[in-house]
Engineer: 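Quick one: this structure, given as structure tokens, is what I'll be asking you about.
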Amino acid sequence: MKDQVIFHIDVNSAFLSWTAVHKLKLGDEEDIRNIPSVIGGDEESRRGVVLAKSNMAKSFGIITGESLFVARKKCPGLKVFSSSFKIYNYYSEKMMELIQGYSPMFQQYSIDECFLDVTNDLKTTPMELASEIKNAIYETLGFTVNIGISTNKLLAKMASEFDKPNKVNTLYPEEIETKMWPLPVGELFMVGKSANERFNKMYIKTIGDLAHHDVNILTENFKSYGRMIWQYANGIDDSKVSVEASQIKVISNSTTLEKDIIKQGEANIVLLSLAENVATRLRKANKFAGTVSVIIRSSSFKDYSHQKRLSNKTTSTQEIYEISKALFKETWKREPIRLLGIQLSSLSDEGDRQLSLFEDKKKGTIDKTIDSIREKYGDKAIVRSIFIDKKK
DNA sequence: TCTGGGGTCCTAGGACCC
DNA sequence: TCTGGGGTCCTAGGACCC
């Protein structure tokens, strides 16, 4: 059997690049990719973290996920731009469409990454095809990508991390020893902070160290993760580029509050708005929820959650709200709250539940009516009276 | 003026059943 | 008085990804 040829395509500093392209299109002179800049959340509402960084910002040691407060300390002249998912979704869709023109064997992995199996689409070398795709994206959309090439998804993904931006890199099995094994173990896909620390304590410093470690010892210590990560370190990954869209398993919405909440009544208003959000998305996905969870983050950054399995699966905003309220009441430790969230899980296609005669049917109709009015006239077309009072 | 939001997957431990 | 044991379902929490 011939080897697969897999591409992993990854937008360089996606949110920042897309913002830059958008601003240039609007007539801005400055390209924010060429200055120390980041995309950051809104600090006023306590969402001030780095979501993406320019190369110059990176050279100051700024990392994604850290607070803007710290980022500014590292780079006093740092320019911060706000995020807009509308813009990101637009460029993401355009790019994914373009890439699918090169092969039907396409899998979107995130808003800015995808895999492409081009095994049966090669008229030139893989390197030439990848360069062609990379250049086509730049010429038609105005931003750069990295493309990693190999014989499986894991190696292609690792390859796309090498030597950014605007590069095509290979990581074929015969190159693992020279290109991947010398890297710090923390750079291997799926090795995060916690595993990295544990590996370092075991004197596993590089990906090569991990690859040469006794897999039985790793399995004893790390269970199924141990075997998986050992396989990754050795470049082993059997997963296929999956063409079918994966079924959504969880729908969640959470929000960091502008100010800590200390009253149940205030929490209820937030819960209602979260319930509206998740329930609307649930109905749009044609799913029923079997479990409702409430997540609380205290002002001291402790997270805790509480969930309930429903005997009858639901799509009702009101029902999800009522359950969330009850869960919150049972869970809340009466300390100031920084974040509230609702998560729907155990999703299924059919609500294998008996409608309790009139009530549920009626509620279902109201929800659907509101959904369709909002679909037509916008989210602001129908607003609960409780939210109107709270509007600034 | 520290610390987003939306996901997936895994595990430990308890409840419950036979 | 010395605590079975296996299977399944459920909850809470945590690690990891972008």
Side-chain angles (χ1 to χ4, degrees), chain A residues 8-16 38-52 62-74 78 80 82-83 85 88-89 92 108-115 153-154 157-158 160-161 186-199 219 221-229 232 239 242 246-259 274 277-278 281 285 290-311 327 330-331 338-347:
Chain A
H8 177 256
I9 304 172
D10 187 353
V11 179
N12 301 126
S13 309
F15 294 175
L16 191 112
V38 296
I39 303 299
D42 176 37
E43 288 168 293
E44 294 266 303
S45 50
R46 308 198 294 182
R47 293 166 167 86
V49 296
V50 175
L51 299 169
I62 290 170
I63 53 174
T64 303
E66 79 183 339
S67 67
L68 293 176
F69 182 82
V70 172
R72 281 208 186 84
K73 279 201 168 161
K74 291 179 177 174
L78 187 69
V80 181
S82 59
S83 61
F85 278 82
Y88 307 155
N89 283 324
S92 172
Q108 184 163 351
Y109 181 70
S110 73
I111 192 165
D112 74 317
E113 283 178 42
C114 63
F115 292 99
K153 286 162 71 177
L154 182 270
K157 180 152 173 63
M158 292 300 295
S160 69
E161 295 294 312
E187 291 194 20
L188 181 60
F189 178 64
M190 288 303 286
V191 176
K193 188 170 182 274
S194 161
N196 188 36
E197 281 169 12
R198 289 180 65 189
F199 286 142
T219 313
N221 283 293
F222 296 87
K223 311 282 177 203
S224 63
Y225 175 78
R227 171 167 293 276
M228 184 199 74
I229 213 66
Y232 282 2
S239 69
S242 145
S246 61
Q247 288 290 308
I248 185 89
K249 297 188 172 74
V250 162
I251 295 176
S252 75
N253 187 212
S254 63
T255 186
T256 295
L257 305 158
E258 266 176 55
K259 276 191 178 155
L274 295 170
N277 177 296
V278 292
R281 286 159 57 204
T291 304
V292 178
S293 319
V294 165
I295 300 100
I296 300 173
R297 174 173 295 158
S298 71
S299 55
S300 51
F301 252 79
K302 271 266 191 299
D303 288 3
Y304 47 101
S305 67
H306 202 37
Q307 71 188 62
K308 185 178 181 182
R309 268 193 102 78
L310 313 180
S311 43
L327 284 170
E330 290 166 26
T331 321
R338 180 186 175 90
L339 169 144
L340 274 176
I342 296 180
Q343 180 173 286
L344 305 177
S345 53
S346 315
L347 304 186

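So you know, we letter chains A, B, ... as the sequences are listed, proteins then strands, and number each from 1. Reckoned from all heavy atoms, side chains included, excluding hydrogens, waters and symmetry mates.
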Engineer: Heavy atoms from C-beta onward define the side chain here; which of dA15(C), dG6(B), dT3(B) lies closest to that of Ser194(A)?
Structural biologist: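 Nearest listed nucleotide: dA15(C).
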
Engineer: Nearest of dT3(B), dC18(C), dC9(B) to any side-chain atom of Lys249(A)?
Structural biologist: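 The nucleotide sitting nearest to the side chain is dC9(B).
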
Engineer: With respect to the side chain of Ala195(A), which nucleotide from dC9(B), dG4(B), dC16(C) is positioned closest?
Structural biologist: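 Among dC9(B), dG4(B), dC16(C), the one nearest the side chain of Ala195(A) is dC16(C).
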
Engineer: May I ask you to decide if the ring planes of Phe85(A) and Tyr88(A) are parallel, tilted or perpendicular, using 30° and 60° as cut-offs?
Structural biologist: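 Rings of Phe85(A) and Tyr88(A): perpendicular, over 60°.
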
Engineer: Give a yes or no on whether a salt bridge exists between Lys308(A) and Glu330(A), defined as a side-chain N under 4.0 angstrom from a carboxylate O.
Structural biologist: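 No, this pair does not count.
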
Engineer: Which heavy-atom pair separates Leu347(A) from Ile248(A) by the least distance, and what is that distance?
Structural biologist: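 That closest heavy-atom pairing would be CD1-O, 4.0 Å.
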
Engineer: Determine the minimum heavy-atom distance between Lys74(A) and Glu66(A), stating which atoms define it.
Structural biologist: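 For Lys74(A) and Glu66(A), the tightest heavy-atom pair comes out as NZ-OE1, 2.9 Å.
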
Engineer: Could you tell me the separation between the CG atom of Asn221(A) and the C1' atom of dA12(B), rounded to a whole number of Å?
Structural biologist: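 After rounding, the reported distance stands at 17 Å.
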
Engineer: Is it the case that more than 12 heavy atoms not belonging to Lys223(A) sit under 6.0 Å from its NZ atom?
Structural biologist: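 Atom NZ in Lys223(A) is not packed in, count stays at 12 or less.
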
Engineer: Can you tell me how far C1' of dT11(B) sits from CZ of Arg198(A), to the nearest Å?
Structural biologist: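 Taking CZ of Arg198(A) and C1' of dT11(B), I get 12 Å after rounding.
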
Engineer: Expressed as a whole number of angstroms, how long is the span from Arg297(A):CZ to dT3(B):P?
Structural biologist: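 Checked: the CZ to P distance equals 11 Å.
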
Engineer: When you get a sec, tell me which of dT11(C), dC17(C), dG4(B) is the closest nucleotide to the side chain of Lys157(A)?
Structural biologist: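 Between dT11(C), dC17(C), dG4(B), the one nearest the side chain of Lys157(A) would be dC17(C).
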
Engineer: Using a cut-off of strictly less than 4.0 Å, decide whether His306(A) has a side-chain nitrogen or oxygen near OP1 or OP2 of dT11(C).
Structural biologist: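 Result: no.
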
Engineer: Compare the minimum distances between each of dG5(B), dG6(B), dT11(B) and the side chain of Ser224(A), then state the nucleotide with the smallest one.
Structural biologist: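 Selected nucleotide: dT11(B).
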
Engineer: Distance check needed: dG6(B) P versus Arg47(A) CZ, whole Å only.
Structural biologist: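 So the CZ-P distance, Arg47(A) to dG6(B), works out to 10 Å.
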
Engineer: Applying a 4.0 Å non-hydrogen cut-off, can you work out what Gly48(A) is touching in the nucleic acid: base, sugar-phosphate, or nothing?
Structural biologist: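 Sugar-phosphate, backbone atoms only, no base.
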
Engineer: What is the distance from CZ of Phe189(A) to C1' of dT8(B), rounded to the nearest Å?
Structural biologist: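 Roughly 10 Å, once rounded to whole Å.
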
Engineer: Have a look at Ser246(A) and say if it touches a base, only the backbone sugar-phosphate, or nothing, with a 4.0 Å heavy-atom cut-off.
Structural biologist: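 If one applies the 4.0 Å heavy-atom cut-off, Ser246(A) turns out to touch nothing in the nucleic acid.
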
Engineer: Between dG4(B) atom P and Asn277(A) atom CG, what is the distance in whole Å?
Structural biologist: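 After rounding, the gap between these two atoms is 18 Å.
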
Engineer: Rounded to whole angstrom units, what separation is found between the OH atom of Tyr225(A) and the C1' atom of dA12(B)?
Structural biologist: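 Going from OH in Tyr225(A) over to C1' in dA12(B) covers 19 Å.
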
Engineer: Between dG14(C) and Lys302(A), is there an OP1 or OP2 to side-chain N/O distance shorter than 4.0 Å?
Structural biologist: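 Result: no.
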
Engineer: Nearest heavy-atom pair of Leu68(A) and Gly41(A): which atoms, and what distance?
Structural biologist: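 Smallest interatomic distance, heavy atoms only, reads CD1-O, 3.6 Å.
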
Engineer: Judged by each residue's nearest nucleotide on DNA chain B, which is more toward the 5′ side, Ser254(A) or Phe69(A)?
Structural biologist: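 Upstream on the strand: Phe69(A).
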
Engineer: Taking 4.0 Å as the cut-off, does a side-chain nitrogen or oxygen of Asn253(A) come that near to OP1 or OP2 on dG5(B)?
Structural biologist: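 Asn253(A) to dG5(B) OP1/OP2: no side-chain N or O under 4.0 Å.
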
Engineer: Both distances below 3.5 Å, Watson-Crick or wobble geometry, any strand: find the nucleotide opposite dT8(B).
Structural biologist: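 Its partner is dA15(C) (Watson-Crick or G-U wobble, both distances under 3.5 Å).
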
Engineer: Answer with base, sugar-phosphate or nothing: what part of the nucleic acid does Arg281(A) contact at a heavy-atom distance below 4.0 Å?
Structural biologist: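 Contact class for Arg281(A): sugar-phosphate only.
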
Engineer: Looking only at the side chain of Thr256(A) (C-beta and beyond, no hydrogens), which of the listed nucleotides dG4(B), dG7(B), dA12(C) gets closest?
Structural biologist: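 It is dG4(B).
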
Engineer: How about Arg281(A) and Ser252(A): does a side-chain donor come under 3.5 Å of a side-chain acceptor?
Structural biologist: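 No, because no side-chain N or O of Arg281(A) sits under 3.5 Å from a partner of the opposite role on Ser252(A).
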
Engineer: Using only side-chain N and O atoms of Arg72(A), determine if any of them is under 4.0 Å from OP1 or OP2 of dT1(B).
Structural biologist: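 Answer is no, no contact under 4.0 Å.
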
Engineer: For Thr255(A), report the nucleic acid contact type (base, sugar-phosphate, nothing); a contact means any heavy atom under 4.0 Å.
Structural biologist: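 Sugar-phosphate only.
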
Engineer: From the options dG5(B), dC17(C), dC10(C), select the nucleotide whose nearest atom is closest to the side chain of Met190(A).
Structural biologist: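 So the side chain of Met190(A) is nearest to dC17(C).
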
Engineer: Picking from dC18(C), dG4(B), dC17(C), which would you name as closest to the side chain of Asp112(A)?
Structural biologist: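 Out of dC18(C), dG4(B), dC17(C), the nucleotide with an atom closest to Asp112(A)'s side chain is dC18(C).
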
Engineer: Of all the choices, dC18(C), dG6(B), dG4(B), which nucleotide is nearest to the side chain of Ser252(A) once you look at every atom?
Structural biologist: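 Out of dC18(C), dG6(B), dG4(B), the nucleotide with an atom closest to Ser252(A)'s side chain is dG6(B).
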
Engineer: Could you work out the separation of dA15(B) and dG4(C) based on their P atoms and round it to a whole Å?
Structural biologist: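 It works out to 16 Å between them.
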
Engineer: Ignoring the backbone of Gln307(A), work out which of dC16(C), dT3(B), dT11(C) is nearest its side chain.
Structural biologist: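 Minimum distance to the Gln307(A) side chain belongs to dT11(C).
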
Engineer: Looking at CG of Asp303(A) and CG of Leu339(A), how far apart are the two atoms once the value is rounded to the nearest 0.5 Å?
Structural biologist: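 Asp303(A) atom CG to Leu339(A) atom CG measures 7.0 Å (nearest 0.5 Å).
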
Engineer: Contact class for Val250(A) (heavy atom, under 4.0 Å): base, sugar-phosphate, or nothing?
Structural biologist: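 Sugar-phosphate only.
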
Engineer: Should Tyr109(A) be counted as stacked on dC18(C), where stacking needs a ring-centre gap under 5.5 Å and an angle between planes under 30 degrees?
Structural biologist: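 Per 5.5 Å and 30° rule: no stacking.
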
Engineer: Which residue, Gln343(A) or Ser300(A), contacts DNA chain B at a nucleotide closer to its 5' end, judged by nearest heavy atom?
Structural biologist: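 The residue closer to the strand's 5' end, by nearest nucleotide, is Ser300(A).
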
Engineer: Answer with base, sugar-phosphate or nothing: what part of the nucleic acid does Leu68(A) contact at a heavy-atom distance below 4.0 Å?
Structural biologist: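 Contact class for Leu68(A): none.
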
Engineer: Is Glu44(A) touching bases, backbone alone, or none of the nucleic acid, heavy atoms closer than 4.0 Å?
Structural biologist: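 Nothing, no nucleic acid heavy atom in range.
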
Engineer: Would you mind reading off the distance between Asp10(A) atom CG and dC18(C) atom P, rounded to a whole angstrom?
Structural biologist: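 For the pair Asp10(A) CG and dC18(C) P, the rounded distance is 8 Å.
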
